[in-house]
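Structure record follows, encoded as structure tokens.
These figures come from a predicted structure and were not determined experimentally.
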Amino acid sequence: MVEIKKIVCGTVNCYLLSEKNYAILVDTGEAGYEEKVIQACEGKKLRLLVLTHGHVDHIQNAAYFAGKFDVPIAMNKKDSELIENQFAQVLEGSGIFGKVLAAVSRRKMKKNMIEAFVPDVFLQEGDSLESYGVMASVLELPGHTEGSIALDVEGKSIIVGDALMHMGVAGIPSIYGDKVKLHNSAKRITALGDRIIYFGHGAPMANKNWLS
């Protein structure tokens, strides 16, 4: 049975997925939260670092943790361009809140530096993480970014990154690269049925119809 531990790093969540003594760290948070993540990983043999997508608030500490724990970094290849250039993909916002959030996000992308790294593993739809000691598989959920992925954990829980957000109200993000793909990904999550959704931002909750 996989244990899911949420690590709150400011406004962003990282997750430690552990089964027996093996573990996978999902996302890394931003600079300033390294020690909190390290403490959460104590006593576990970390075998992989998975990035749900390439935005700075999720990948800023990737190089640091890869070196600290001597583990490979995995992400979808379509988002690898964001490591060097956060503006390689468009980020738009809908509504007043979305436009403000997109502007704040773009300022953060411009200001916050990312230590260079090269992903060791490129994840795609259907890939299993069982060889890293955790029963989880990869779902491609583009829209927020082109290479956004989620982890379906034992068919019971989904770590969705920013394919959905829970910022005040849980739902489809108001910031995105491709709105049509974002809605299609939300429709796909809905169709998965009985799951607990773990967001990149906000508290977990049961899956529902995200388009209603």
Side-chain angles (χ1 to χ4, degrees), residues 1-9 11-20 22-29 37 40-41 44 46-55 57-59 74-76 78-79 121 123-212:
M1 185 175 189
V2 179
E3 176 188 355
I4 301 175
K5 179 186 290 186
K6 184 174 75 167
I7 311 166
V8 180
C9 299
T11 61
V12 181
N13 298 323
C14 304
Y15 293 95
L16 186 70
L17 310 185
S18 57
E19 190 169 359
K20 298 180 180 177
Y22 295 117
I24 290 172
L25 179 64
V26 182
D27 289 335
T28 71
V37 175
C41 294
K44 300 294 184 181
L46 198 66
R47 300 188 68 184
L48 186 68
L49 198 167
V50 174
L51 305 176
T52 60
H53 63 290
H55 285 159
D57 51 339
H58 293 258
I59 74 169
M75 68 188 303
N76 186 276
K78 293 175 184 175
D79 268 14
V121 179
L123 296 174
Q124 59 186 5
E125 178 72 29
D127 283 348
S128 172
L129 302 184
E130 186 176 2
S131 63
Y132 297 97
V134 173
M135 288 294 295
S137 59
V138 175
L139 304 173
E140 292 191 29
L141 297 175
H144 183 68
T145 63
E146 276 298 307
S148 288
I149 60 172
L151 296 184
D152 190 351
V153 183
E154 298 183 307
K156 300 175 182 178
S157 306
I158 308 174
I159 314 294
V160 298
D162 287 357
L164 298 169
M165 289 184 181
H166 192 176
M167 301 177 72
V169 177
I172 299 173
S174 57
I175 56 174
Y176 48 82
D178 187 311
K179 193 171 185 178
V180 172
K181 290 181 180 179
L182 186 73
H183 280 247
N184 286 338
S185 290
K187 185 184 299 184
R188 185 180 180 199
I189 296 170
T190 296
L192 291 172
D194 188 17
R195 300 283 201 284
I196 300 299
I197 304 299
Y198 290 85
F199 306 89
H201 304 270
M205 62 177 286
N207 196 17
K208 66 171 190 171
N209 183 353
W210 299 102
L211 297 174
S212 63

Check your understanding: Passes side chain to side chain contact (heavy atoms under 4.5 Å, CB included), Leu17 versus Ile159? Steps please.
Key -> CA-CA 10 Å; Leu17 310 185; Ile159 314 294; 4.1 Å; yes

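- Side-chain contact check for Lys44 versus Glu3: some heavy-atom pair is nearer than 4.5 Å.
- Minimum heavy-atom separation, Ile7 to Ala40: CD1-CB, 3.6 Å.
- Here CD1 of Ile59 is found 9.0 Å from NE2 of His53. Values are rounded to the nearest 0.5 Å.
- Of all heavy-atom pairs between Val50 and Leu123, the closest is CG1-CD1, 4.0 Å.
- Here the CD1 atom belonging to Ile158 is positioned 4.5 Å from the CG atom belonging to Leu192, to the nearest 0.5 angstrom.
- Atom CG of Leu25 is separated from atom OG of Ser18 by 11.0 Å, given to the nearest 0.5 angstrom.
- Scanning both residues, Cys14 and Gly29, for their nearest heavy atoms gives SG-N, 3.2 Å.
- Counting all heavy atoms, side chain and backbone alike, Ala163 lies closest to Pro173 at O-CD, 3.2 Å.
- To the nearest 0.5 Å, the span separating CE on Met165 from NE2 on His201 amounts to 4.5 Å.
- From Leu46, atom CG reaches atom CG of Leu48 across 8.0 Å, with rounding to the nearest 0.5 Å.
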Sequence neighbours left out, cut at 3.5 Å: what donor-acceptor pairs do the side chains of residues 131-147 make with other protein atoms?
unit_1	atom_1	unit_2	atom_2	d
Glu140	OE2	Glu125	N	2.8
His144	ND1	Ile175	O	3.1
His144	NE2	His55	ND1	3.2
His144	NE2	Asp162	OD2	3.4
Thr145	OG1	Asp79	OD1	3.3
Thr145	OG1	Asp79	OD2	2.7
Thr145	OG1	Ser148	N	3.2
Thr145	OG1	Ser148	OG	2.7
Glu146	OE1	Lys181	NZ	3.1
Glu146	OE2	Lys181	NZ	3.1

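- In the displayed structure, Asp194 atom CG is contacted under 6.0 Å by at most 12 heavy atoms of other residues, nucleotides or ligands.
- Formation of a donor-acceptor pair under 3.5 Å by the Tyr15 side chain with backbone atoms of Phe199 is found in this model.
- Across all non-hydrogen atoms, the minimal contact from Thr190 to Trp210 is OG1-N, 3.0 Å.
- Of all the heavy atoms in Val37 and Thr28, the pair that sits closest is CG2-O, 4.5 Å.
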**Study point:** Worked verdict on Met75 versus Ile149 for side chain to side chain contact (heavy atoms under 4.5 Å, CB included)
**Key:** CA-CA 8 Å; Met75 68 188 303; Ile149 60 172; 5.6 Å; no

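- Asp27 meets the side chain to side chain donor-acceptor pair (under 3.5 Å) test with Thr52, His58; sequence neighbours excluded.
- Within 6.0 Å of the NZ atom in Lys20, the count of heavy atoms belonging to other residues, nucleotides or ligands does not exceed 12.
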Practice item. With side chain to side chain contact (heavy atoms under 4.5 Å, CB included) as the test, would you mind laying out the steps for Ile196 and Met205 before giving the verdict? Key: CA-CA 6 Å; Ile196 300 299; Met205 62 177 286; over 6 Å; no

Exercise for review: Please lay out, stage by stage, how Val8 and Asn13 fare under the test side chain to side chain contact (heavy atoms under 4.5 Å, CB included).
Suggested key: CA-CA 5 Å; Val8 180; Asn13 298 323; 3.8 Å; yes

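- At most 12 heavy atoms of other shown residues, nucleotides or ligands fall within 6.0 angstrom of atom NZ in Lys78.
- Of the possible polar contacts, one joining the Asn207 side chain to the Ile189 backbone as a donor-acceptor pair under 3.5 Å is found.
- For Asp152, the side chain to side chain donor-acceptor pair (under 3.5 Å) criterion is met by Arg195, not counting sequence neighbours.
- Using a 4.5 Å cut-off on side-chain heavy atoms (C-beta onward), Ile197 and His166 make no contact.
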